[in-house]
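Below is one structure, written out as structure tokens; comments come after it.
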Protein chains: 2
Amino acid sequence: MRALAVEDDPRIAGDLQSALTAAGFRVEVTGDGEDAWFLGDTEDYDLVVLDLGLPSLDGLAVLKRWRANGRTMPVLVLTARGTWQERVEGIEAGADDYLPKPFRMEELIARARALVRRTGGHAAAFQEAGDLSLDTNRMGVAIRGVQVQVTALEYRLLAYLMLHRDRPVPPSELLEHLYGDDDAREANALEAVIARLRRKLGAGIIGTRRGFGYFLEAT
Amino acid sequence: MRALAVEDDPRIAGDLQSALTAAGFRVEVTGDGEDAWFLGDTEDYDLVVLDLGLPSLDGLAVLKRWRANGRTMPVLVLTARGTWQERVEGIEAGADDYLPKPFRMEELIARARALVRRTGGHAAAFQEAGDLSLDTNRMGVAIRGVQVQVTALEYRLLAYLMLHRDRPVPPSELLEHLYGDDDAREANALEAVIARLRRKLGAGIIGTRRGFGYFLEAT
DNA sequence: GGCAACCTGACAGCAAGCTGACACAGCGGG
DNA sequence: CCCGCTGTGTCAGCTTGCTGTCAGGTTGCC
């Protein structure tokens with residue numbers, strides 16, 4: 001049973017190593033994001049414990065790159081950033097479980113065991129819908145193969161629609177995802193973003209179902 | 001996609017029901033431990049949301065009895081008792097995920113989805129009654145497989161009738177569900193919606209039991 | 001027959017959504 | 001510092017189509 005622990009704080013990393021070892025894992029530890037990405041991409045682990053607050057490359061980005069490459073090992077995410085949006089974000093990036101810091105080592109082990117007990121996998125999100133394609137690594141957008149320049153906000157909106165392309169996404173949910181509900185925006189802000197995107201992407205990409213929400217037009 | 005929500009606080013239970021329904025689950029709710037144990041033991045659910053603080057029979061005991069009987073459905077545990085020992089206890093009793101109260105409904109849904117995805121329950125969230133089928137994920141409606149375009153209000157009405165398809169639903173209840181009781185509508189508003197729906201769906205879908213209410217015609 | 005529950009077509013009001021213009025903040029360069 | 005540039009939120013006015021109301025009809029029940 002191999003486990004990879006990605007954690008830059010050496011004290012916590014040490015604790016992780018001993019606790020996981022005691023729980024019967026063969027543990028490797030790294031504190032560097034790039035390094036973690038490479039290991040997770042090339043080696044086979046039964047479990048990854050991933051801290052989100054990393055230098056050099058963000059944990060969430062590492063996770064997304066793994067999933068984009070079709071890596072399906074169970075990932076338990078650790079983070080100090082405890083707001084609920086970030087938890088949801090983490091889960092949507094492909095995390096299988098989530099543990100806010102500070103945590104008890106006993107709880108982590110219990111969760112790790114539960115995670116390994118279920119041998120489920122995640123399919124990488126293939127980022128294509130109709131004429132639109134998203135490149136999650138480069139944050140690039142293309143229509144029928146032609147690159148289109150979009151802003152960060154626009155990209156996040158597209159990525160969210162892509163992730164939920166099987167259903168219409170209500171404006172309230174999009175607002176919450178893009179801004180978080182504490183800092184409120186006029187509902188119109190979203191409509192403005194949609195309008196700008198439609199102008200860039202052309203018609204027939206983003207559809208509206210009045211009363212339900214927005215969606216990516218399928219083929 | 002069937003879900004069982006075990007929660008004794010009626011307000012939270014109501015929130016759970018609507019959130020899970022909106023997320024595409026067919027939801028049953030109970031507030032009693034014995035009842036929950038019986039349902040979980042005899043019915044097949046794709047997801048159970050279990051509150052630990054129950055009267056009559058403790059949630060943890062319910063969970064243990066399910067697992068002892070070989071029931072393997074994914075269980076998401078809710079609890080106000082947030083100490084880490086209890087979390088560990090819950091996970092070791094066989095919970096698949098854990099959410100401390102108070103929580104965000106959005107987070108619960110995200111976790112529930114992740115849980116179901118993980119356990120391989122990829123079946124579409126379809127509900128059928130006679131010739132009518134609802135796709136609760138896409139918010140789509142079809143008659144004998146043919147897609148029909150309905151508005152948000154019409155869809156909510158259909159979904160509610162579907163949820164309670166075992167009985168006629170009185171107009172007063174429908175009015176309350178669709179509009180809330182604070183902002184009152186003429187009773188006729190409901191009749192108008194029903195009429196429009198019948199025109200779209202054709203005859204033999206929505207029935208009337210004079211004096212009792214509306215219902216979906218079974219096969 | 002008479003009453004109440006329920007149905008339905010027409011229509012106007014209204015809210016959801018669209019769009020172009022503008023303001024403003026942040027940022028980098030001269 | 002100033003200037004221009006870019007990204008984004010706000011505003012106002014517009015379009016669209018949903019939906020509540022009304023008026024009159026139909027059905028079922030006593």
Side-chain angles (χ1 to χ4, degrees), chain A residues 138-141 147-161 167-217, chain B residues 22 139-141 147-161 167-217:
Chain A
R138 302 164 188 274
M139 294 219 171
V141 176
Q147 284 287 333
V148 177
Q149 201 69 13
V150 299
T151 70
L153 185 71
E154 289 165 352
Y155 179 83
R156 281 205 291 150
L157 173 50
L158 278 180
Y160 196 81
L161 288 181
R167 66 180 172 94
V169 181
S172 56
E173 188 181 333
L174 279 173
L175 280 169
E176 218 156 272
H177 174 74
L178 293 180
Y179 309 112
D181 49 1
D182 14 80
D183 114 277
R185 246 69 174 200
E186 297 281 327
N188 201 331
L190 176 63
E191 292 164 19
V193 179
I194 294 274
R196 281 191 275 262
L197 258 176
R198 287 212 252 241
R199 202 179 314 157
K200 286 184 184 176
L201 303 177
I205 304 294
I206 302 178
T208 306
R209 265 180 74 195
R210 185 176 265 246
F212 292 99
Y214 298 97
F215 61 98
L216 294 182
E217 312 251 10
Chain B
M139 311 265 186
V141 176
Q147 283 286 334
V148 177
Q149 202 69 8
V150 300
T151 70
L153 185 71
E154 289 164 354
Y155 179 83
R156 282 204 290 149
L157 173 51
L158 278 180
Y160 195 81
L161 288 181
R167 65 178 171 93
V169 181
S172 57
E173 188 181 333
L174 279 173
L175 281 168
E176 192 175 321
H177 176 252
L178 291 181
Y179 307 112
D181 40 7
D182 17 80
D183 106 287
R185 244 75 173 196
E186 298 277 329
N188 199 334
L190 177 62
E191 292 166 19
V193 179
I194 294 275
R196 279 191 279 262
L197 259 176
R198 287 212 252 240
R199 201 182 316 161
K200 285 185 184 176
L201 304 177
I205 304 294
I206 302 178
T208 307
R209 273 264 287 287
R210 184 173 264 251
F212 291 93
Y214 299 97
F215 62 97
L216 294 182
E217 313 250 12

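Chain naming here is simple, since letters A, B, ... match the order of the sequence lines and numbering starts at 1 in each.
- Checking C:dG17, D:dT8, D:dT21 against the side-chain heavy atoms of B:A189 singles out D:dT21 as nearest.
- The nearest whole Å value for the distance from the CG atom in A:L153 to the P atom in C:dA25 is 18 Å.
- The separation between B:Q149 atom CD and D:dG17 atom P is 12 Å, rounded to whole Å.
- Counting heavy atoms from C-beta outward, B:T208 and B:Y214 have side chains that approach closer than 4.5 Å.
- Taking side-chain N and O atoms only, A:Y179 has no distance below 4.0 Å to OP1 or OP2 of D:dT8.
- When side chains are defined from C-beta on, B:R167 does not count as touching B:F212, because their heavy atoms never get closer than 4.5 Å.
- At a cut-off of 3.5 angstrom, counting only N and O atoms as typed in the model, there is no donor on one side facing an acceptor on the other between the side-chain of A:R209 and the base of C:dG17.
- Taking 3.5 Å as the limit, the base of D:dT16 and the side chain of A:R210 contain a donor-acceptor pair of atoms between them.
- Under a 3.5 Å cut-off, the side chain of B:K200 and the backbone N or O of B:V148 do not form any donor-acceptor pair.
- Rounded to an integer number of Å, the gap from A:I206 CD1 to C:dT19 P is 11 Å.
- Phosphate proximity of D:dG7 to A:Y155: absent, as no side-chain N or O sits under 4.0 Å from OP1 or OP2.
- As judged by a 4.0 angstrom heavy-atom cut-off over every strand, B:I194 is placed among residues making no nucleic acid contact.
- Atom-to-atom, CG of B:L197 to C1' of D:dG20 comes out at 15 Å; the value is rounded to the nearest Å.
- Put simply, CD on A:E186 is 13 Å from P on C:dA16, counting in whole angstrom units.
- Across the protein-nucleic acid pair, B:N188 atom CG and C:dA5 atom P stand 13 Å apart, rounded to whole Å.
- In terms of position along DNA chain D, the nucleotide closest to A:K200 lies nearer the 5' end than the nucleotide closest to the other residue of the pair B:A152 and A:K200.
- Formation of a donor-acceptor pair under 3.5 Å by the A:R198 side chain with backbone atoms of A:A203 is not found in this model.
- Looking at heavy atoms from C-beta onward, B:V193 lies out of side-chain contact with B:L174 at the 4.5 angstrom threshold.
- Of the candidates D:dG20, C:dC7, D:dA12, C:dC7 carries the atom nearest the B:R198 side chain, counting heavy atoms from C-beta on.
- Contact check, B:T208 against C:dA5: no side-chain N or O comes under 4.0 Å of OP1 or OP2.
- In terms of phosphate contacts, A:R199 brings no side-chain nitrogen or oxygen within less than 4.0 Å of OP1 or OP2 of C:dC18.
- Among the protein residues, A:F212 comes within range of no part of the nucleic acid, since none of its heavy atoms lies under 4.0 Å from any strand.
- B:E191 places its CD atom 17 Å from the P atom of D:dG24, with the value rounded to the nearest Å.
- The nearest whole Å value for the distance from the CG atom in B:L190 to the P atom in D:dT21 is 12 Å.
- Listed nucleotides: C:dT8, D:dC11, D:dT19. Nearest to the side chain of B:T151: D:dT19.
- The base of D:dG9 sits with one of its N or O atoms less than 3.5 Å from a complementary donor or acceptor on the side chain of A:R196.
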Yes or no on side chain to side chain donor-acceptor pair (under 3.5 Å) for B:T151 and A:R209, after CA distance, side-chain angles and deciding distance?
CA-CA 9 Å; B:T151 70; A:R209 265 180 74 195; over 6 Å; no
